[in-house]
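First comes the structure, then the notes that go with it.
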Amino acid sequence: MLETVFMLVLIVNVGALAAWLSVGAFENVVHPYLNETYTGEVMDMLRMREDYPDAYRHVAYRRVRSPRVRKLLFRFIVAWEVTATLLLWAGTACLVMAALGTLAIDTALAMAMLGVLAFTATWCGFLVVGNWFCYWFGHEGGQNTHFQMTLWGLANMLMLMATALAI
């Protein structure tokens, strides 16, 4: 019984990550302007340049001036996000198959871990790159969201690792 409950917990948690990221990936594919604008602002350091000109002077060299380069980088981000979403759904499906006895649990855990790793790496990447562009100057909400998503991913990784070590 406990093993079944553990599997259900893993399925729900990895599936929740997949569902959450699916919404973001869908919006970024269908309505890219909603997120592309703010991502471009971060790379252009627009808010920092306007609101904190004295601080901006010290890091102005980091700014990505080219709208074309910013658009290409945004497309890379979306492609990564779609890939992470697909890995999460594959991991969720593998966990369901393992719960039904049609796939080895270690295979399912490994696949789920890859999806959760891609999810967590997404937000870690935003934190690191956002730090480079000093996005705490005007984009604190984005930084806070990225921290929380990183923690959500890490919690799922720990659950998956603990389950893998227990089998």
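Index from 1, following the sequence. Every heavy atom of this structure was used, including side-chain atoms; hydrogens, water molecules and symmetry mates were not.
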Inset, instruction - Examine Y135 together with H146 and report whether their ring centres are nearer than 6.0 Å. - result: yes
Legend entry - E50 and Y56, any side-chain heavy atoms less than 4.5 Å apart: no
Legend entry - Polar side-chain atom of T122 near backbone of A118 as donor-acceptor pair, under 3.5 Å: yes
Inset, instruction - Using atom types as modelled and distance alone, determine if a side-chain donor or acceptor of T39 lies under 3.5 Å from a backbone N or O of F74. - result: no
Legend entry - Single-linkage hydrophobic cluster M45~V69, side-chain heavy atoms < 4.5 angstrom: yes
Legend entry - Pair D44 + R63, salt bridge at N-O below 4.0 Å: yes
Inset, instruction - Calculate, to the nearest 0.5 Å, the distance between atoms CE and CG belonging to M157 and N13 respectively. - result: 13.5 Å
Inset, instruction - Report yes or no: do L2 and I167 belong to one cluster of Ile/Leu/Val/Met/Phe/Trp/Tyr joined by side chain heavy-atom distances under 4.5 Å? - result: no
Legend entry - Minimum heavy-atom distance W89-S22, with the two atoms named: NE1-OG, 2.7 Å
Inset, instruction - Please round to the nearest 0.5 Å and tell me the distance separating atom CG of L117 and atom CG of L87. - result: 9.0 Å
Legend entry - Whether over 12 other heavy atoms sit under 6.0 Å from Y38 OH: no
Inset, instruction - Following the transitive rule for hydrophobic clusters with a side-chain heavy-atom cut-off under 4.5 Å over Ile, Leu, Val, Met, Phe, Trp and Tyr, establish whether W152 and V116 coincide in one cluster. - result: yes
Inset, instruction - Indicate yes or no: at least one non-hydrogen side-chain atom of F126 is less than 4.5 angstrom from one of T150. - result: no
Inset, instruction - Determine, using ring centers only, whether W123 and W20 are less than 6.0 Å apart. - result: yes
Inset, instruction - Return yes when atom CH2 of W80 has more than 12 non-hydrogen atoms of other residues, nucleotides or ligands closer than 6.0 Å, and no otherwise. - result: no
Inset, instruction - Return yes if some donor-acceptor pair links the side-chain N/O of R47 with the main-chain N/O of V42 below 3.5 Å, else return no. - result: no
Inset, instruction - Check step by step if side-chain contact (heavy atoms from CB on, under 4.5 Å) holds for V59 and M48. - result: CA-CA 10 Å; V59 292; M48 184 182 190; 3.6 Å; yes
Legend entry - Distance in Å, R70 CZ paired with T37 OG1, rounded so as to fall on 0.5 Å steps: 10.5 Å
Legend entry - Considering all heavy atoms, the nearest N156-V14 contact: OD1-N, 3.9 Å
Legend entry - Closest contact, heavy atoms only, G153 versus T120: CA-OG1, 3.1 Å
Inset, instruction - Measure the spacing between CG of L160 and CE of M111 and express it to the nearest 0.5 Å. - result: 12.0 Å
Legend entry - Flag if over 12 foreign heavy atoms under 6.0 Å of CD, E27: yes
Legend entry - Contact check, side chains of T145 and M149, non-hydrogen atoms, under 4.5 Å: yes
Legend entry - Reported CG-to-CD1 distance for the pair L72 and I77, which is rounded to 0.5 angstrom: 11.0 Å
Legend entry - Side-chain heavy-atom pair M7, I105 within 4.5 angstrom cut-off: yes
Legend entry - From L95 atom CG to T163 atom OG1, the distance as rounded to the nearest 0.5 Å: 9.0 Å
Legend entry - Note, L109 side chain near L10 side chain (heavy atom, < 4.5 Å): yes
Inset, instruction - Would you indicate whether R62, at its atom CZ, is surrounded by more than 12 heavy atoms from other residues, nucleotides or ligands within a distance under 6.0 Å? - result: yes
Inset, instruction - Answer whether the closest heavy-atom distance between the side chains of F133 and V64 falls below 4.5 Å. - result: yes
Legend entry - Distance-only polar pair, side chains of E140 and N144, donor-acceptor under 3.5 Å: no
Inset, instruction - Return the minimal non-hydrogen interatomic distance between C94 and A108, and the atom names on each side. - result: O-CB, 3.2 Å
Legend entry - side-chain contact (heavy atoms from CB on, under 4.5 Å) assessment of V78 paired with R75: CA-CA 5 Å; V78 173; R75 286 182 179 162; 5.7 Å; no
Inset, instruction - Tell me, yes or no, whether the heavy-atom count around F137 atom CZ, taken from other residues, nucleotides or ligands under 6.0 Å, exceeds 12. - result: yes
Inset, instruction - List the steps and the verdict of side-chain contact (heavy atoms from CB on, under 4.5 Å) for Y52 and C134. - result: CA-CA 11 Å; Y52 306 94; C134 303; over 6 Å; no
